[in-house]
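Single-structure report; data block below.
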Protein chains: 2
Amino acid sequence: MQDVANRAGVTKQTVSNVVNGRAAVRPDTEARVRAAIADLGYEPNLVARSLATGSTMTVGLIVPTVASPFYSEIVEEVENVLDQHGYHLVLCTTRADGDRAKRQLAGLSSRLVDALLIAGDRDLTDPLALLPDARFPIALCAWETQIPDSLPVVTIDYEHAGFLAGEHLRSLGHRRIAAVVELPTHELRLAGLRRAFGHDKVSDDHVFVPTKPTPAGGFAAAQAALAADPELTAIFASHDLLALGVLEAVKESGRSVPGDVSVIGFDDTAPVALTHPALTAVAIPSREMARQATALLLRAIDEGTQPVNSAQLLRTSLVIRDSTGPAPR
Amino acid sequence: MQDVANRAGVTKQTVSNVVNGRAAVRPDTEARVRAAIADLGYEPNLVARSLATGSTMTVGLIVPTVASPFYSEIVEEVENVLDQHGYHLVLCTTRADGDRAKRQLAGLSSRLVDALLIAGDRDLTDPLALLPDARFPIALCAWETQIPDSLPVVTIDYEHAGFLAGEHLRSLGHRRIAAVVELPTHELRLAGLRRAFGHDKVSDDHVFVPTKPTPAGGFAAAQAALAADPELTAIFASHDLLALGVLEAVKESGRSVPGDVSVIGFDDTAPVALTHPALTAVAIPSREMARQATALLLRAIDEGTQPVNSAQLLRTSLVIRDSTGPAPR
DNA sequence: GTGAAAGCGCTAACAC
DNA sequence: GTGTTAGCGCTTTCAC
């Protein structure tokens with residue numbers, strides 16, 4: 001920068017003004033400076049700028065994984081918003097590894113980021129205690145388990161979403177159902193389902209916990225469910241990837257969907273609209289959550305305050321497609 | 001830091017030594033410093049450290065998208081390797097937007113990152129000219145179109161991979177096939193397919209370009225293919241997501257897979273092993289590419305040199321599952 | 001083993 | 001409009 005200043009016959013400060021378009025600079029001076037910048041191939045050092053300004057123009061995002069449509073949609077949406085505002089994204093995936101999550105949290109805490117968004121409570125329920133004293137804004141999104149009231153959060157009412165799914169199945173006449181549910185992560189979804197049916201109708205022996213959060217996991221769990229009760233007429237899956245596997249398992253067993261067995265998913269991410277039959281699912285506004293949470297953080301950065309500490313619950317809705325129908329007689 | 005030093009009755013330098021475990025510090029001094037750190041809740045400012053050391057412990061990754069299993073696997077693998085070495089990941093997705101890609105490139109160029117990995121050439125073939133003069137290591141991976149010889153790259157022989165798929169189908173007796181191919185992105189894959197069959201066997205009117213790189217896109221393209229030539233016995237899809245849609249479209253048309261029509265995919269990402277029938281696919285070692293490219297960069301950072309400029313081609317293989325079989329008579 | 005001084009490259013605040 | 005001065009929080013070098 002000093003070199004540029006020398007070459008243009010000005011001071012560093014003027015170069016800075018030109019680069020940042022901040023103060024008014026006389027056109028001919030600006031031209032000289034720009035010429036010098038071009039000649040020398042000068043590019044400002046953002047680290048130095050960050051040290052001087054105290055802002056890194058970077059936001060951290062912690063997600064459980066990126067290899068699931070739900071979270072990859074969130075990542076993309078967050079990055080969209082950040083990009084629009086000139087911010088960069090530091091991505092951390094926790095991968096069901098609490099230690100890793102803690103390590104990442106510590107790493108980001110040291111002023112590498114201007115704000116932090118934590119999406120999904122899978123691996124980070126505990127270390128959250130560390131957070132409230134951070135010196136940058138933090139927000140949570142897609143938070144399912146006990147919502148800490150020390151931090152702002154944008155999420156949905158997962159219990160209600162589960163209830164919606166249950167109500168839909170119940171109103172179609174289903175009485176004998178199974179649930180393929182990741183536990184304890186998705187226990188609220190299950191609780192909602194049970195509220196719709198009455199707890200006894202979805203007793204523990206009709207709840208199947210997949211070994212992996214993948215279609216394969218859902219497939220195996222659904223096979224177990226059908227083996228345990230061949231008479232069941234509907235299966236609830238606690239998220240879309242599981243539902244994909246459930247759908248296959250039901251079809252594989254020779255049953256028709258939804259003629260013999262109805263299948264309902266959860267999240268309504270992009271891939272499920274194309275299954276055959278197209279999957280009915282509770283739609284979670286993941287992109288909207290990501291947008292709002294990110295906006296919350298950017299506003300907080302702007303105003304130099306902690307974000308308003310509120311719990312914002314977005315609405316969920318049921319997207320009825322072709323995988324659910326009336327219970328067979 | 002000065003506060004900590006005062007409280008412990010030492011200088012900033014000693015605090016620095018303690019924090020970094022660098023020089024030898026007398027145990028009692030260290031204890032006093034650590035106590036002061038704990039009391040004051042001191043955390044080192046990484047930005048200041050970066051300015052002093054010239055290293056940000058951050059690597060940039062540019063990918064077309066994160067909402068596809070192929071790239072999300074790469075992102076996860078890169079982050080794994082970085083995490084192991086104490087590095088952070090700055091993620092940029094280009095989203096089929098050349099301008100956005102250019103902007104991000106420019107943003108990262110200004111010493112925010114210690115190295116840059118560009119995976120996938122979808123949106124960044126052009127601005128690559130800007131790169132060679134960057135002052136940090138850069139590497140490419142999963143590069144399909146003309147490989148620039150100014151930068152190191154870890155990729156596969158896409159033409160050969162396409163050839164493998166073609167050979168497989170040909171050896172099963174298929175003669176009348178269609179290809180669902182993203183163009184121009186995947187033209188090498190198509191070229192390989194054609195080399196196996198002879199160009200005339202996969203003429204342009206048997207090539208269908210999906211409107212979107214999703215299962216839905218593959219579904220529509222396969223429907224068009226089947227409508228155009230109801231007699232075809234095999235369909236090649238230029239990547240897995242398309243193959244998922246192709247599979248559905250074939251089944252939907254009342255044909256059996258692989259009895260009537262064989263389907264072969266490309267990439268062999270996790271989801272395809274669970275389709276029914278399980279998808280045969282050319283396996284691309286995406287995680288291995290990501291690992292090697294990342295390792296290349298970390299080594300270059302370590303040694304303070306540009307990475308060795310080589311084109312490394314990993315091997316591909318065919319994973320034969322249940323979606324391909326002998327051509328019907 | 002610890003301290004003192006200098007500097008990383010930039011911006012902020014004010015004087016001219 | 002532009003120059004001057006100070007300082008962001010750390011590491012580096014070298015003297016002690």
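Throughout, a chain's letter reflects where its sequence line sits, starting with A, and its residues are numbered from 1. Given the structure is predicted, the values throughout are model-derived calculations rather than measurements. Just so you know, these numbers use all the heavy atoms, side chains as well, and skip hydrogens, waters and symmetry mates.
- The shortest distance between the side-chain N/O atoms of Ser16(A) and the OP1/OP2 oxygens of dC10(C) is not below 4.0 Å.
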**OP:** Verify side chain to side chain contact (heavy atoms under 4.5 Å, CB included) between Thr58(A) and Asp114(A), making sure each step is shown before the conclusion.
**Re:** CA-CA 6 Å; Thr58(A) 289; Asp114(A) 290 344; 5.7 Å; no
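- Nearest nucleotide to the side chain of Ala48(B), out of dC10(C), dG9(D), dT2(C): dG9(D).
- Whole-Å rounding puts the Ile37(B) CD1 to dC10(D) P distance at 10 Å.
- Of the two residues contacting DNA chain C, namely Thr53(B) and Arg32(B), the nearest-nucleotide position lying further toward the 5' end is that of Arg32(B).
- Closest-nucleotide positions on DNA chain C for Val15(A) and Glu30(B) were compared, and the one nearer the 5' end corresponds to Glu30(B).
- Nucleic acid contact for Ser50(A): none, since no nucleic acid atom lies under 4.0 Å from a heavy atom of the residue.
- We find that CG of Leu40(B) is positioned 14 Å from P of dG9(D), with the value rounded to whole Å.
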Can you give me every donor-acceptor pair (side chain of residues 67-75 of chain A, partner residue at least two apart or in another chain, under 3.5 Å) with its distance?
| from | atom 1 | to | atom 2 | distance (Å) |
| --- | --- | --- | --- | --- |
| Ser68(A) | OG | Phe70(A) | N | 3.4 |
| Ser68(A) | OG | Tyr71(A) | N | 3.4 |
| Ser72(A) | OG | Ser68(A) | O | 3.2 |
| Ser72(A) | OG | Pro69(A) | O | 3.3 |
| Glu73(A) | OE1 | Ser286(A) | OG | 3.1 |
| Glu73(A) | OE2 | Ala270(A) | N | 3.3 |

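- Rounded to whole Å, the distance from CG on Leu51(B) to P on dC8(D) is 13 Å.
- Distances shorter than 4.0 Å separate some side-chain N or O of Arg26(A) from OP1 or OP2 on dT2(D).
- The distance between atom CZ of Arg135(B) and atom C1' of dG9(C), rounded to the nearest whole Å, is 13 Å.
- Taking CD1 of Ile62(B) as the start and CD of Gln104(B) as the end, the distance is 6.0 Å to the nearest 0.5 Å.
- With salt bridges taken as basic N to acidic carboxylate O contacts below 4.0 Å, none links Arg26(B) and Glu30(B).
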Original post:
Where do Leu117(B) and Leu297(B) land on the side chain to side chain contact (heavy atoms under 4.5 Å, CB included) test, with the steps shown first?
Top reply: CA-CA 8 Å; Leu117(B) 179 56; Leu297(B) 289 174; 3.7 Å; yes
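- Protein atom CD of Gln2(A) is 14 Å distant from nucleotide atom C1' of dC8(C), rounded to whole Å.
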Atom pairs under 3.5 Å, N or O on each side, protein against nucleotides 3-7 of chain D: can you list them with distances?
| from | atom 1 | to | atom 2 | distance (Å) |
| --- | --- | --- | --- | --- |
| dG3(D) | OP2 | Thr11(A) | N | 3.0 |
| dG3(D) | OP2 | Thr11(A) | OG1 | 3.1 |
| dG3(D) | OP2 | Thr14(A) | OG1 | 2.9 |

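- Remark: Glu182(A) engages Arg122(A) in a salt bridge (charged side-chain N to carboxylate O under 4.0 Å, His left out) (not counting sequence neighbours).
- Side-chain contact check for Arg291(A) and Asn80(A): no donor-acceptor pair (N or O, by modelled atom type) lies under 3.5 Å.
- For Asn45(B) and dC8(C), the CG to C1' distance is 13 Å, given to the nearest whole Å.
- Regarding contacts with the backbone of dT11(D), a side-chain N or O of Asn20(B) is found under 4.0 angstrom from either OP1 or OP2.
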